[in-house]
Amino acid sequence: MDVAGIRDRIQATLDPNADIRRQAELDLKFAEDKPGFLDALLNILEAEQEQGVRLSTAIYLKNRVSKGWSASDESSSQFKPIPEDQKASFRNRLVSVLASTQAQVRAQLVPILQKILHDDFPDKWPDFLEITLRLLNSNDANSVFAGLQ
């Protein structure tokens with residue numbers, strides 16, 4: 001997955017020109033079905049310096065997970081479900097990204113975590129409590145706060 005290309009498309013969704021925004025949204029819609037899309041979004045969240053792009057990435061990620069995580073949701077019938085292999089990778093990275101982000105972005109990631117926990121804990125994410133305990137026992141304030149959330 002081309003992380004730089006995805007990042008450019010997300011930045012283009014912030015463009016004042018409506019045609020550029022629409023094309024960027026179509027490009028992202030096409031890319032979201034490709035393997036590695038969720039990981040690419042997490043990569044952007046980890047590395048991005050521009051607050052607007054970081055926040056837009058988090059919002060896009062929240063919308064994608066809320067619409068495609070659970071195959072049993074009524075809304076998921078019109079959205080392509082996220083494959084299980086991508087879910088496992090995403091779960092493994094989500095908490096650490098949440099712990100390292102700023103409050104505005106974290107506010108978008110917490111609902112993602114809640115959705116995943118509702119659908120996957122404990123059967124598909126049995127080590128979540130262990131991850132949370134590690135965060136709570138760390139000496140980093142952001143990690144402890146993320147563990148509490």
Side-chain angles (χ1 to χ4, degrees), residues 1-14 21-50 52-138 140 142-149:
M1 179 64 55
D2 177 19
V3 176
I6 298 297
R7 187 242 178 246
D8 289 343
R9 296 291 74 210
I10 288 173
Q11 185 174 28
T13 65
L14 303 172
R21 282 194 317 269
R22 261 188 240 105
Q23 184 59 52
E25 290 166 3
L26 288 172
D27 293 345
L28 287 170
K29 193 71 161 158
F30 176 75
E32 73 182 25
D33 293 337
K34 303 290 185 222
F37 181 73
L38 294 178
D39 281 332
L41 294 178
L42 288 176
N43 290 341
I44 294 167
L45 286 177
E46 289 176 323
E48 183 58 43
Q49 299 301 310
E50 191 176 321
V53 172
R54 197 172 29 233
L55 186 57
S56 292
T57 301
I59 291 169
Y60 197 92
L61 187 60
K62 179 179 74 172
N63 290 337
R64 176 66 180 119
V65 169
S66 67
K67 294 174 183 172
W69 196 267
S70 176
S72 63
D73 287 349
E74 293 173 16
S75 63
S76 67
S77 63
Q78 55 187 331
F79 299 99
K80 187 168 183 176
I82 298 168
E84 285 300 321
D85 61 333
Q86 290 182 41
K87 288 180 180 182
S89 171
F90 185 76
R91 280 190 299 263
N92 288 335
R93 294 185 61 200
L94 177 62
V95 176
S96 65
V97 171
L98 191 139
S100 66
T101 59
Q102 298 169 325
Q104 221 178 5
V105 173
R106 190 178 299 130
Q108 300 302 317
L109 298 180
V110 168
I112 295 172
L113 181 60
Q114 291 170 336
K115 169 73 173 163
I116 294 170
L117 286 173
H118 178 267
D119 292 344
D120 292 2
F121 183 77
D123 298 333
K124 295 179 183 175
W125 201 2
D127 58 342
F128 175 74
L129 287 178
E130 181 181 314
I131 294 167
T132 303
L133 289 174
R134 266 188 266 133
L135 289 172
L136 291 172
N137 290 320
S138 74
D140 176 55
N142 284 333
S143 294
V144 172
F145 185 63
L148 289 171
Q149 288 187 307

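- Side-chain contact between Ile10 and Leu41 is present, with at least one heavy-atom pair separated by less than 4.5 Å.
- A salt bridge links Glu84 to Lys87: one of the charged nitrogens lies within less than 4.0 Å of a carboxylate oxygen.
- Residues satisfying the side chain to side chain donor-acceptor pair (under 3.5 Å) criterion with Asn43, sequence neighbours excluded, are Arg93.
- Looking only at side-chain heavy atoms (C-beta outward), Asp39 and Met1 stay at 4.5 Å or farther from each other.
- Using a 4.0 Å cut-off between charged side-chain N and carboxylate O, Arg91 and Asp120 make a salt bridge.
- Annotation: side-chain contact (heavy atoms from CB on, under 4.5 Å) contacts of Asp2 (sequence neighbours excluded): Ala4.
- Side-chain contact between Glu50 and Arg7: present, with at least one pair of heavy atoms (C-beta onward) separated by less than 4.5 Å.
- Within the structure, ring-ring contact (aromatic ring centres under 6.0 Å, His included) contacts touching residues 91-117 (residues at least two apart or in different chains) do not occur.
- Listed by chain and residue number, Asp27 satisfy the side chain to side chain donor-acceptor pair (under 3.5 Å) test with Arg9 (two or more places apart in sequence, or in another chain).
- The ring-ring contact (aromatic ring centres under 6.0 Å, His included) pairs that include a residue from residues 84-119 are Trp69-Phe90, where partners are two or more places apart or lie in different chains.
- Among residues two or more places apart in sequence or in another chain, the side-chain contact (heavy atoms from CB on, under 4.5 Å) test is passed with Asp33 by Arg64, Lys80.
- Shown here are the side chain to side chain donor-acceptor pair (under 3.5 Å) partners of Ser143, two or more places apart in sequence or in another chain: Asp140.
- Counting only residues at least two apart or on different chains, the side-chain hydrogen bond (donor to acceptor under 3.5 Å, both in side chains) pairs with a member in residues 105-114 are Lys62-Gln108.
- Among all heavy-atom pairs drawn from Ser70 and Asp119, the shortest one is CB-OD2, 3.0 Å.
- Residues meeting the salt bridge (Lys or Arg N to Asp or Glu O under 4.0 Å) test with Glu130, sequence neighbours left out: Arg134.
- The side-chain contact (heavy atoms from CB on, under 4.5 Å) search around Leu14 returns Val53, Ser56, not counting sequence neighbours.
- In this structure, the side chains of Ser66 and Ile112 stay at 4.5 Å or more apart for every pair of heavy atoms.
- In this view, Thr132 and Phe128, Leu136 satisfy the side-chain contact (heavy atoms from CB on, under 4.5 Å) rule, not counting sequence neighbours.
- For Glu32, the side chain to side chain donor-acceptor pair (under 3.5 Å) test picks out Lys29, Tyr60, with sequence neighbours left out.
- Going from atom OG1 of Thr57 over to atom CG of Leu61 covers 8.5 Å, rounded to the nearest 0.5 Å.
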